[in-house]
*Asks:* 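Starting off with a structure, shown below.
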Amino acid sequence: MGLFNKFKNLFSKNEKEEVEAFDKGLEKTRSEFVNKIGILNSKYKKVSDEYFDELEEILIMSDIGVNTVMNFIDRLKKRVKKENITDSEDLKEVIIDEMFIIYVNNEIVVNKINYSSNGPTVILFVGVNGVGKTTTIGKIASKLYKEGKKIMMIAGDTFRAGAVEQLIEWGERTHSKVVYGEAKDPSSVVFDGLKEAVDDAYDVVLIDTAGRLQNKVNLMNELDKINKVIGKFIPDAPHETLLVIDATTGQNGISQAKSFKEITNITGIVLTKLDGTAKGGIVLAIKEDVNIPVKFVGLGEKEEDLRVFDIEKYIYGLFKDM
Ligand SMILES: Nc1nc2c(ncn2[C@@H]2O[C@H](COP(=O)(O)OP(=O)(O)OP(=O)(O)O)[C@@H](O)[C@H]2O)c(=O)[nH]1
Ligand SMILES: [Mg+2]
């Protein structure tokens, strides 16, 4: 209790709404997690090897990832020894503390979007089918529009039926220009779009791509081509390549991240549908197994449900009932 009041006071008044969004989006993960730890702690009043075995299982079930969990348990055991902790209740604070350490790990966590200081900022969205790329573009456009930005969306997904219409709909809703060309090569649509974006001084260009990963070489070639076209217009672009992952796919999402990392230079991850899973621990696995910063999280289907990722609000959302 004391810990969480301390925690809560860290957030400023104007962050209240933001804290509530994380809190709500992580409800499923939290209730599962906190329940299980509650049951565990009433079963074992004292910390023991059996206690750690069961804790390990609970953590793995929340998709934190096996390696991460092993290291985590090792560190907990060391602290238990060093700090002479015997009661399982006293271990709670240490668990939360160590979760922070996994994520922050003495590094400065950069989750800000790298905006260009001159000319359009180009953000490329990649990821497999149905993870939420197009929806994320819509949600980000809605944020940017509210900030007064001139936005262009480019329909680099010329593959799936209905993909262009979906983007056009988001374009209308967020006052963004949509550039598309059905039956064209994605990179030639990107060419048309970027030319216009530079000529007409757009602030941000959001590029949607098709979500295919059956053939790594093809995808690599396609993304290479798109990147070359982008670089022709704006040498230091794309300023961000965001990989979109669906949190409900758990460890599968982690292997997608590993594959995409080999294909192209991913600068950040958007983790969608956290609201739809009890396995929100995936954020920590991404950090440890992939080491690409999570820049945004999807905490629901509405426009305002996409949030800039914040580790403190995330941890608070996970444990506030503990
Ligand atoms: N609950 C929830 N649903 C989401 C979130 N993000 C996206 N969705 C839903 O996920 C579904 C797929 O989203 P799309 O944006 O079409 O996914 P995509 O990656 O563009 O899919 P393809 O173009 O087919 O590759 C839609 O029904 C979205 O409403 C989220 O954060 N939470
Ligand atoms: Mg799409």
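For clarity, every value in this text was computed on a predicted model and none was experimentally measured. When a ligand or atom number is given, it counts from 1 through the structure's own listing order. Sequential numbering from 1 along the given sequence is applied to the chain's residues.
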*Asks:* In ligand 1, which numbered atoms sit nearer than 4.0 Å to a non-hydrogen atom of Gln166?
*Replies:*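 Counting atoms of ligand 1 from 1, those under 4.0 Å from Gln166 are 14 (P), 15 (O), 16 (O).
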
*Asks:* So, regarding Thr272 and ligand 1 (criterion: nitrogen or oxygen to nitrogen or oxygen, under 3.5 Å), is there a contact or not?
*Replies:*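 By distance alone, the answer is no.
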
*Asks:* Between Glu288 and Asn71, does any side-chain donor sit less than 3.5 Å from a side-chain acceptor?
*Replies:*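 Short answer, yes.
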
*Asks:* Quick check on contacts: which atoms of ligand 1 are under 4.0 angstrom from a heavy atom of Asn129?
*Replies:*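 Answer for ligand 1: 25 (O).
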
*Asks:* Any nitrogen or oxygen of Asp275, side chain or backbone, less than 3.5 Å from one on ligand 1?
*Replies:*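 For ligand 1, there is an N or O atom that lies under 3.5 Å from one belonging to Asp275.
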
*Asks:* Can you confirm, on distance only, whether ligand 1 has an N/O atom lying under 3.5 Å from any N/O atom belonging to Asp208?
*Replies:*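 In this structure, Asp208 places no N or O atom under 3.5 Å from an N or O of ligand 1.
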
*Asks:* Going by the order shown, which atoms of ligand 1 are within less than 4.0 Å of some heavy atom of Lys139?
*Replies:*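 Those qualifying, in numeric order: 5 (C), 6 (N), 30 (C), 31 (O).
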
*Asks:* I need the atoms of ligand 1 closer than 4.0 Å to a non-hydrogen atom of Asp157, numbered in the order shown.
*Replies:*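 Within the 4.0 Å cut-off of Asp157, ligand 1 contributes 23 (O).
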
*Asks:* Indicate whether the side chain of Asn221 and that of Lys225 have a donor and an acceptor atom separated by less than 3.5 Å.
*Replies:*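 There is no such pair between these side chains.
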
*Asks:* Considering distance alone, does some N or O of Leu274 sit under 3.5 Å from an N or O of ligand 1?
*Replies:*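 Checking ligand 1 against Leu274, no N or O pair falls under 3.5 Å apart.
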
*Asks:* Determine whether the aromatic ring centres of residues Phe309 and Tyr314 are separated by less than 6.0 angstrom.
*Replies:*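 Centroid separation for Tyr314 and Phe309: below 6.0 Å.
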
*Asks:* Under 4.0 Å between a side-chain nitrogen and a carboxylate oxygen: does that hold for Lys143 and Glu303?
*Replies:*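 Looking at Glu303 together with Lys143, the answer is no, because their closest N to O distance does not fall below 4.0 Å.
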
*Asks:* Return yes when at least one N/O/S atom of Gln166 is nearer than 2.8 Å to the Mg ion (ligand 2), and no when none is.
*Replies:*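 No - counting backbone and side chain alike, Gln166 has no N, O or S atom under 2.8 Å.
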
*Asks:* Look at ligand 1 and say whether Ala163 reaches it with a heavy atom at a distance under 4.0 Å.
*Replies:*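 It does not, in that no heavy atom of Ala163 comes within the 4.0 Å cut-off of ligand 1.
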
*Asks:* Say whether Gly300 and ligand 1 are in contact under the criterion: heavy-atom distance to a ligand atom below 4.0 Å.
*Replies:*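 Yes, Gly300 has heavy atoms under 4.0 Å from ligand 1.
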
*Asks:* Taking only heavy atoms of Gly298 into account, list the atoms of ligand 1 that are under 4.0 Å away from them.
*Replies:*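 Every atom of ligand 1 under 4.0 Å from some heavy atom of Gly298: 31 (O).
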
*Asks:* Nearest protein heavy atom to atom 28 (C) of ligand 1, by residue and atom, and its distance?
*Replies:*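 Result: Thr135 OG1, 3.6 Å.
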
